[in-house]
Amino acid sequence: MAKAITSRSEDYSQWYNDIVRKAGMADYSAVRGCMVIKPHGFAIWENMQKQLDSMFKDTGHVNAYFPLFIPKSFLSKEAQHVDGFAKECAVVTHHRLMNAPDGSGVIVDPDAKLEEELIVRPTSETIIWNTYKDWIQSYRDLPLLINQWANVVRWELRTRLFLRTAEFLWQEGHTAHATRQEALDETRLILDIYATFAEEYMAMPVIKGVKTANERFAGADDTYCIEALMQDGKALQAGTSHFLGQNFARAFDVTFLNKENQQELVWATSWGVSTRLVGGLIMTHSDDDGLVLPPKLAPTQVVIVPIPKPSPEINDAVEALMKNLRSLGVSVKYDNDETKRPGFKFAEHEMQGVPVRVGVGMRDLEKGQVEIARRDTKEKVFVPKDGAGDYIVKLLDEIQENLLQRAKDYRTENTRNADSMEEMTSILDGPGGFVSAHWDGTSETELAIKEQTKATIRCIPLDGPVETGSCILTGNPSSQRVLFARAY
RNA sequence: CGGGGUGUGGCGCAGCCCGGUAGCGCGCUACGUUCGGGACGUAGAGGCCGGAGGUUCAAAUCCUCUCACCCCGACCA
């Protein structure tokens, strides 16, 4: 067991790091807080991108690209916005290097100082709204439904592979609308897309909700989010969709002439998901043997291992099966590396989370069968060779379904009501998970609870039952339970 | 930014207390034997011990300074 990983029960965050590195997802880089995304990790991200991109396009959005650099002055135009991001910005101050006079290497050329510093975008609202100002004159120019796939930089103090890196990849949608209602509808439309994607593709159940004022995006009137629960009982914000009101339109003076020939401020939304989703995917499904991937996002859905090694008969059988699987839309790889033995390959593919493994050996072929193993349950069955393709297609669906169900069950078991601070504390210090509790709606109370428990309000669930009660801290009236958790 | 830790072949580590010129496991290369759950043998390749000073006949080891990264917090997608 050369590649044994730390078990979840022993040290959850070490387990997570082991998975990321030993499954070949990412590595630490020479730059603090920045990771190298390796081919296996990037392939998963590409599959996420592909699916999300088509969902955005199906709902009328188009892609564009805005600059990496933002003039410093732009950032300060929206007061809330700059407050939210100022502390974590990378700043470009010069544009040239020169040889050090003492020959010790290169130094920044002091004569190449920029007149105005450039900020490496932490998010693109400002540069985009500065551009929208020129693009929007009339109600006929609206709505403007634009998305960009990009990298952003936030100089985080504490980073974690995929979950929080100083540079990360994401998509950010920025839309402009003629009416408040239209912008609100857009915010919710995207939230639904995110939730659908999380559940149907990532097999990661999420709670849709609204953030409290404390947790709101800097510059938004409302922040909607999807919240997922990880295996260690901590919550992960998996995506956000912001209703920006007219804040950025006001800051960047973006107005349009309506049908009545009156100038109005434009309404805005912005929304994003990032490579953090890859971290969420890992922490939702994987186990002590490595990565577990939902078939819909797995770079390779089926791997075929010759047992014990390739031979003409085995190759022929594999060839036929691969052709069959490909015609059924399944991605399949033949691991015919003769220098590695089957056991090694099994362990390796389990580590990398390939959903289905097919073992093809003479002993089975003589019986007209192949061995099929599923990654999620580790079960193995023998299936007639000729029906293997159809069997696998069904099995992939079943795995996808099972992963979602398993994650849902876990979340259900780990979502508890608390009606007092004592109950809440004992849940959080015990099993963890989501705690559903009454809250009086004030920021002071929320912060006081955070102070005592380290838990934050993850969201006010959109489809939670309406139930009146009294705040677990102050006893003041509450109209709905909200979801607390310790979070990543 | 506070607290903790670590820097030694590609990876994981030992050696440091008590200075004497670097070792183990995995991986890598070659050959042979193996081959239905991470094979074995033999022979090899590969490291100026994070960096800079200092002490000493002699420094991975002692002293000073420094840099980097990781983990736990606070901040955040």
Side-chain angles (χ1 to χ4, degrees), chain A residues 1-6 11-14 16-18 20-22 24 27-35 83-89 104 122-123 151-172 194 211 214-218 220 223 225-228 235-242 270-280 289-290 305-311 314 337-351 357 359-367 369-371 373 378 380 382 450-451 454 456 458 486-488:
Chain A
M1 297 292 276
K3 280 198 169 183
I5 58 183
T6 308
D11 182 344
Y12 193 81
S13 70
Q14 188 56 48
Y16 175 80
N17 283 328
D18 283 354
V20 169
R21 305 193 65 193
K22 290 180 177 164
D27 261 337
Y28 296 111
S29 72
V31 183
R32 189 204 70 94
C34 296
M35 63 177 170
D83 277 355
F85 288 102
K87 285 173 293 186
E88 50 188 42
C89 285
S104 62
T123 179
N151 55 342
V152 289
V153 169
R154 297 182 188 176
W155 212 263
E156 300 287 352
L157 301 177
R158 165 104 163 81
T159 58
R160 286 164 161 279
L161 294 169
F162 287 111
L163 297 174
R164 174 168 296 108
T165 44
E167 177 192 15
F168 56 95
L169 305 185
W170 76 345
Q171 58 70 215
E172 47 180 327
Y194 286 162
K211 287 291 189 189
N214 280 330
E215 302 277 327
R216 199 177 281 155
F217 176 75
T223 286
C225 63
I226 52 172
E227 292 285 329
L236 182 77
Q237 178 174 312
T240 47
S241 183
H242 313 293
S270 71
W271 29 275
V273 295
S274 71
T275 35
R276 164 178 267 200
L277 289 180
V278 178
D289 294 316
V305 178
I307 298 172
K309 60 183 177 183
S311 72
I314 290 174
D337 184 345
E338 300 206 25
T339 68
K340 294 186 175 71
R341 308 166 87 215
F344 182 90
K345 294 177 181 177
F346 294 170
E348 202 61 24
H349 295 128
E350 276 159 14
M351 182 68 80
R357 185 186 71 234
V360 179
M362 284 316 295
R363 194 153 83 201
D364 291 331
L365 282 182
E366 277 158 18
K367 293 187 227 167
Q369 63 185 20
V370 294
E371 182 192 67
K378 307 294 276 300
K380 287 189 224 180
F382 293 94
K450 182 180 177 185
E451 188 70 27
K454 303 221 189 300
T456 49
R458 301 319 302 156
R486 290 181 185 150
Y488 276 99

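Reckoned from all heavy atoms, side chains included, excluding hydrogens, waters and symmetry mates. Bear in mind the structure is a predicted one, so any value in this text is a computation, not a measurement. Each chain gets a letter, A, B and so on, in the order its sequence line appears, and its residues count up from 1.
Here the P atom of nucleotide B:G36 and the CD atom of A:E371 are 13 Å apart, to the nearest Å. Separating the CE atom of A:M362 from the P atom of B:C35 is a distance of 17 Å, rounded to the nearest angstrom. One interatomic measurement links the two molecules: NZ of A:K340 to P of B:G37, which rounds to 18 Å at whole-angstrom precision. One can place CD1 of A:I307 at 12 Å from P of B:G38, the figure rounded to the nearest angstrom. Spacing between atom CD of A:Q14 and atom P of B:C69 amounts to 18 Å, rounded to whole angstrom units. Taking atom CZ on A:F217 and atom P on B:A77, their separation rounds to 9 Å, with Å as the unit. We find that CG of A:D11 is positioned 12 Å from C1' of B:C70, with the value rounded to whole Å. In this entry the distance linking CZ of A:F344 with P of B:G38 reads 12 Å, nearest Å.
Comparing the same atom, P, in B:C40 and in B:G36 gives a spacing of 13 Å after rounding to whole Å. Taking atom C1' on both B:A60 and B:C26, the two are 22 Å apart, rounded to the nearest angstrom. Nucleotides B:G25 and B:G32 have their P atoms positioned 24 Å apart, rounded to a whole Å. A gap of 11 Å separates the P atoms of B:A14 and B:U8, to the nearest Å. The P atoms of B:U66 and B:C1 are separated by 14 Å, rounded to the nearest whole Å. Here the separation of B:C16 from B:U56, taken at their P atoms, is 24 Å to the nearest Å. Across the C1' atoms, B:C70 and B:G15 are found 23 Å apart, a figure rounded to whole Å. Comparing the same atom, P, in B:U55 and in B:G12 gives a spacing of 35 Å after rounding to whole Å.
Distances shorter than 4.0 Å separate none of the side-chain N or O atoms of A:Y12 from OP1 or OP2 on B:C71. The side chain of A:N17 places an N or O atom within less than 4.0 Å of a non-bridging phosphate oxygen (OP1 or OP2) of B:C71.
Side-chain contact between A:E172 and A:V152 is present, with at least one heavy-atom pair separated by less than 4.5 Å. Two residues are said to be in side-chain contact when any heavy atoms from C-beta on lie closer than 4.5 Å; A:E338 and A:P310 meet this criterion. You'll find the side chain of A:K211 reaches within 4.5 Å of the side chain of A:E227, heavy atoms only.
Scored by the side chain to side chain contact (heavy atoms under 4.5 Å, CB included) test, A:D11 finds A:T6, A:S13, A:Q14 as partners (sequence neighbours excluded). Every residue two or more places apart in sequence or in another chain was checked for a side chain to side chain donor-acceptor pair (under 3.5 Å) with A:T165, and none qualifies. Scored by the side chain to side chain contact (heavy atoms under 4.5 Å, CB included) test, A:Y488 finds A:Y12, A:R160, A:L163, A:M230, A:D232, A:K234, A:L236, A:M283 as partners (sequence neighbours excluded). Partners of A:R341 under the salt bridge (Lys or Arg N to Asp or Glu O under 4.0 Å) rule, at least two apart in sequence or in another chain, do not exist in this structure. Under the side chain to side chain donor-acceptor pair (under 3.5 Å) criterion, A:S274 pairs with no residue, sequence neighbours left out. Under the side chain to side chain donor-acceptor pair (under 3.5 Å) criterion, A:K309 pairs with no residue, sequence neighbours left out. In terms of the side chain to side chain contact (heavy atoms under 4.5 Å, CB included) criterion, residue partners of A:Q369 (sequence neighbours excluded) are, by chain and number, A:D364, A:K367, A:F382. With sequence neighbours excluded, no residue forms a side chain to side chain donor-acceptor pair (under 3.5 Å) with A:K345.
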For this session: Kindly express the pairing pattern of RNA chain B in dot-bracket notation, using | wherever a base pairs with another strand and counting only Watson-Crick or G-U pairs under 3.5 Å.
Result: ((((((((.[[[[.)....(..]]]].((((((.....)))))).....[[[[[..)....]]]]])))))))....
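Smallest separation of non-hydrogen atoms from A:T275 and A:F162: O-CD2, 3.6 Å. The shortest heavy-atom contact between A:C34 and A:A166 is SG-CB, 4.1 Å.
A side chain to side chain contact (heavy atoms under 4.5 Å, CB included) with A:V360 is found for exactly one of A:L365, A:I307, A:V305, namely A:L365.
For the pair A:R357 and A:F346, the cation-pi criterion (under 6.0 Å, within 45° of the ring axis) is fulfilled.
For the atom pair OG1 of A:T159 and CZ of A:R154, the computed distance is 14.5 Å after rounding to the nearest 0.5 Å.
Residue side chain A:K380 reaches the base of B:G37 through a donor-acceptor N/O pair under 3.5 Å, judged by distance alone.
Between A:F217 and A:H242, the angle of the ring planes stays under 30°, which puts this pair in the parallel group of the 30/60° scheme.
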Pairwise N/O distances under 3.5 Å, protein to nucleotides 2-9 of chain B:
none

Dump the pairs, protein N or O against N or O of nucleotides 41-43 of chain B, anything under 3.5 Å, distances to one decimal.
none

Table of protein N/O atoms under 3.5 Å from nucleotides 73-75 of chain B N/O atoms:
from  : atom 1 : to     : atom 2 : distance (Å)
B:C75 : OP1    : A:K450 : NZ     : 3.4

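As judged by a 4.0 angstrom heavy-atom cut-off over every strand, A:L163 is placed among the base-contacting residues. Within 4.0 Å of A:E350, counting heavy atoms only, lies at least one base atom of the nucleic acid. Nucleic acid contact class of A:R32 (heavy atoms, under 4.0 Å, all strands): sugar-phosphate only. Within 4.0 Å (heavy atoms only), A:F168 reaches at least one base atom of the nucleic acid. As judged by a 4.0 angstrom heavy-atom cut-off over every strand, A:T159 is placed among residues touching the sugar-phosphate backbone only. Counting non-hydrogen atoms under 4.0 angstrom, A:S274 reaches a base of the nucleic acid. Using a 4.0 Å heavy-atom cutoff across all strands shown, A:S13 reaches sugar-phosphate atoms only and no base atom.
With B:G37, B:U34, B:A77 as the candidates, the nucleotide lying closest to the side chain of A:R341 is B:U34. Looking at the side chain of A:M351, the nearest of the listed nucleotides B:G37, B:A77, B:G38 is B:G38. When the nucleotides B:G38, B:C71, B:A77 are ranked by their closest atom to the side chain of A:A347, B:G38 comes out on top.
Nearest-nucleotide positions on RNA chain B place A:L365 closer to the 5' end than the other of A:L365 and A:Y488. Residues A:R216 and A:D364 both approach RNA chain B. Their nearest nucleotides, taken by heavy-atom distance, put A:D364 toward the 5′ side.
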